[in-house]
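Here's the structure, in structure tokens; my notes come after.
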Amino acid sequence: MRRFSLSTMVVGCALLLSACAPAYQAGGFTPNKSTLSTPEVTVETVEPTVDSPETPSTPEPPTPEPKERLAHGNEATGGPNCDVEKCIALTFDDGPGDYTAQVLDALRAANVPATFFVMGRQVKAQPELLRRAVAEGHAIGGHSWSHPQLTKLNNERLMHELVDTNKEIEKVVGFTPNLMRPPYGAVNHRVRKVMADQGLAAILWDVDTLDWKDHNLDKAMGYVRQQTQNGSIILMHDVHEIAPQAVPLIVKEYSAKGFKFVTIPQLFAGKEMLPGAKHFNRFKVLK
Ligand SMILES: [Zn+2]
């Protein structure tokens, strides 16, 4: 199990400047245009010729890029300084799913990064959507393999839900998240201890759009307006139709009020994301 700390990610970033794409700029989010589309692997084939016995009959497999070269949003470098700017983190659960592509389109159009908490079985089914999210600079956390209430599982099942999900994510995008959102926000001392052992910070929320329940954009925006404050974490689901509709409205309204949109690692930059601790927003972390 690889464990990230923010400091090691920052150091890794400093050592490998090219690994830090996409470039975040003060006050905005600039996706790395070279990684906007799903990366394709180009295999240079060598035409075998009969009179050239030295030519290998099968081409050499392409050399994989080192994992550290992969641009992804789980670095906390760059972006707004949430110590001095008002920050909000948009988060999307349960995907990759039916509305992930639309959410990614909306985030790209609004020029803001977000964080996706993905399920292992969904990543296995639709890995290309996770690859796209990472390529476009969004941060990734796990959200279990199959969405059970973690507190009801024995330790063996619990480990499967956490570890196999992270393995699936690593298989697709080359890094293991240090963030985890427990389904239903359900954790207890035992679950948090296991998460701490796995180096996973429990990322909860303080703004619930109830998009999965109401399927109503006006109600979702009403909850956002009632609950959002500096440092908030807004919960949405990229498997329901409200999320891609809400993104441009939230970004327009809160950008006009001076808020900056950041990933979860950026929201906690300068603070420590604590494995096993419950993070409700930038200022409310329960150990
Ligand atoms: Zn969920």
Side-chain angles (χ1 to χ4, degrees), residues 73-74 88-104 106-107 114-127 129-130 133-134 138-153 157-169 172-173 176-188 191-192 194-195 198 200-217 219-220 223-224 227 232-247 250 263-265 267 273 276-281 286:
N74 279 16
I88 299 175
L90 300 176
T91 65
F92 301 91
D93 288 9
D94 295 2
D98 289 349
Y99 292 90
T100 307
Q102 287 185 38
V103 167
L104 289 169
L107 292 168
T115 304
F116 290 82
F117 291 98
V118 297
M119 290 169 57
R121 71 179 181 199
Q122 296 300 112
V123 172
K124 192 178 174 78
Q126 303 192 74
L129 285 170
L130 180 64
V134 169
H138 305 296
I140 303 297
H143 189 49
S144 81
W145 185 269
S146 57
H147 216 277
Q149 194 167 320
L150 299 180
T151 51
K152 294 184 173 172
L153 304 182
R157 274 295 310 280
L158 176 57
M159 286 294 284
H160 155 69
E161 294 287 338
L162 300 179
V163 174
D164 288 356
T165 299
N166 272 1
K167 279 185 185 166
E168 196 66 31
I169 293 169
V172 173
V173 294
T176 301
N178 58 345
L179 317 172
M180 200 272 166
R181 174 165 284 160
Y184 317 105
V187 288
N188 56 18
V191 170
R192 289 172 60 187
V194 173
M195 289 181 68
Q198 295 297 317
L200 295 169
I203 307 298
L204 300 170
W205 59 89
D206 64 345
V207 181
D208 192 345
T209 60
L210 294 176
D211 52 351
W212 59 273
K213 183 169 165 239
D214 295 334
H215 299 277
N216 184 304
L217 183 60
K219 281 191 178 178
Y223 296 131
V224 168
Q227 300 165 354
S232 277
I233 299 175
I234 300 181
L235 169 64
M236 289 181 273
H237 296 80
D238 50 326
V239 292
H240 296 293
E241 73 283 12
I242 297 302
Q245 298 170 33
V247 166
I250 296 171
T263 64
I264 291 292
L267 189 70
M273 270 193 300
K278 297 198 281 187
H279 300 65
F280 293 92
N281 63 35
L286 297 185

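Note that ligands are numbered from 1 as they come in the structure, with each ligand's atoms numbered from 1 the same way.
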Worksheet item: Under 2.8 Å from the Zn ion (ligand 1), which protein atoms of type N, O or S occur, listed by chain and number?
Response: D94 OD1, H143 NE2, H147 NE2
Item to complete: Verify the ring-centre separation between H138 and F92: is it less than 6.0 angstrom?
Response: no
Worksheet entry | From R181 atom CZ to T115 atom OG1, the distance as rounded to the nearest 0.5 Å | 8.5 Å
Worksheet item: Will you find, in the side chains of S146 and E161, an N or O donor that is under 3.5 Å from an N or O acceptor?
Response: yes
Item to complete: Would you confirm whether Q122, through its side chain, and P96, through its main-chain N or O, come within 3.5 Å as a donor-acceptor pair?
Response: yes
Response to the item:
side-chain contact (heavy atoms from CB on, under 4.5 Å) test vs F280 passes for just one of L286, I203, V207, I233, namely L286
Discussion item. Rounded to the nearest 0.5 Å, what separates atom CG in L150 from atom OG in S144?
Written reply: 6.0 Å
